[in-house]
Amino acid sequence: MAARTPAERIVAAIRAIPRGEVAGYGHVAQRAGLPGRARMVARLLSRNDDPTLPWHRVLRSDGRIAFPVGSEGFVEQCDRLRREGVDVTDEGRVRTAKRARTLDEAVWG
DNA sequence: CTCATGACTAGCT
DNA sequence: TAGCTAGCCATGA
């Protein structure tokens, strides 16, 4: 096994997100061993070319989709999440079954 | 090396 | 609760 690069660790962390659940950029980064690199995760997804990567499960710290409402990426992410059983409002807000105020306890808590 | 950009976050008003 | 500002990290010109 080759030495995993930070980017690979981030990808692995995203792949570790269970279907129907979501995680925040900061959480993914921290789980990847890169605390404070939330922007690195975002940049990776923006440049990611892996269709098997569940990028749609990655949301902002507010629990909202990182795309502007009505945007193409927003619609796609929203659609994918809904197909996994995740409730998403028109505002892009994601509601987990645990109904936690913060993703911290909703997913990885 | 410096400036500008971005799928971010936390803090303050 | 909502909106704005400053801070932080990586990359590209």
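All of these numbers come straight from a predicted model, not from anything done at the bench. Naming: A, B, ... by sequence-line order, numbering from 1 per chain.
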Write out a two-atom table: protein N or O, nucleotide N or O from nucleotides 9-11 of chain B, distance below 3.5 Å.
unit_1: dT9(B); atom_1: OP1; unit_2: Ser61(A); atom_2: N; d: 3.1
unit_1: dT9(B); atom_1: OP2; unit_2: Ser61(A); atom_2: N; d: 2.9
unit_1: dT9(B); atom_1: OP2; unit_2: Ser61(A); atom_2: OG; d: 3.3

Can you pull every protein N or O that's under 3.5 Å from an N or O on nucleotides 1-6 of chain C?
none

N/O-N/O pairs, protein side and nucleotides 7-10 of chain C side, under 3.5 Å:
unit_1: dC8(C); atom_1: O2; unit_2: Arg39(A); atom_2: NH1; d: 3.1
unit_1: dC8(C); atom_1: N3; unit_2: Arg39(A); atom_2: NH1; d: 2.5

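Nearest approach of Tyr25(A) to Leu45(A), heavy atoms of both residues: CE2-CD1, 3.9 Å. Contact detail for Ala29(A) and Ala38(A): the closest heavy-atom pair is CB-N, 4.0 Å.
Residues forming a side chain to side chain donor-acceptor pair (under 3.5 Å) with Asp79(A) (at least two apart in sequence, or on another chain): Arg83(A).
Atom NE2 of His56(A) and atom CD1 of Ile65(A) lie 10.5 Å apart (nearest 0.5 Å). Atom OG of residue Ser71(A) and atom CD of residue Glu76(A) lie 10.5 Å apart, to the nearest 0.5 angstrom. To the nearest 0.5 Å, atoms CD1 (Ile17(A)) and CZ (Arg31(A)) are separated by 8.0 Å.
In this structure, the side chains of Arg64(A) and Leu59(A) stay at 4.5 Å or more apart for every pair of heavy atoms. Two residues are said to be in side-chain contact when any heavy atoms from C-beta on lie closer than 4.5 Å; Ile14(A) and Leu44(A) fail this criterion. Looking only at side-chain heavy atoms (C-beta outward), Glu72(A) and Phe67(A) stay at 4.5 Å or farther from each other. A heavy-atom distance below 4.5 Å is found between the side chains of Val28(A) and Ile10(A). At least one side-chain heavy atom of Arg19(A) sits less than 4.5 Å from a side-chain heavy atom of Arg57(A). Counting heavy atoms from C-beta on, the side chains of Pro6(A) and Met40(A) come closer than 4.5 Å.
Non-hydrogen atoms lying under 4.0 Å from DNA chain C are contributed by nothing in residues 44-54 of chain A. Less than 4.0 Å separates DNA chain B from no heavy atom of any residue of residues 69-90 of chain A.
Of the possible polar contacts, one joining the Gln77(A) side chain to the Val58(A) backbone as a donor-acceptor pair under 3.5 Å is found. Without hydrogens or angle criteria, Arg9(A) side chain to Ala7(A) main chain gives no donor-acceptor distance under 3.5 Å. In this structure, Gln30(A) contributes its side chain and Pro35(A) its backbone to no donor-acceptor pair below 3.5 Å.
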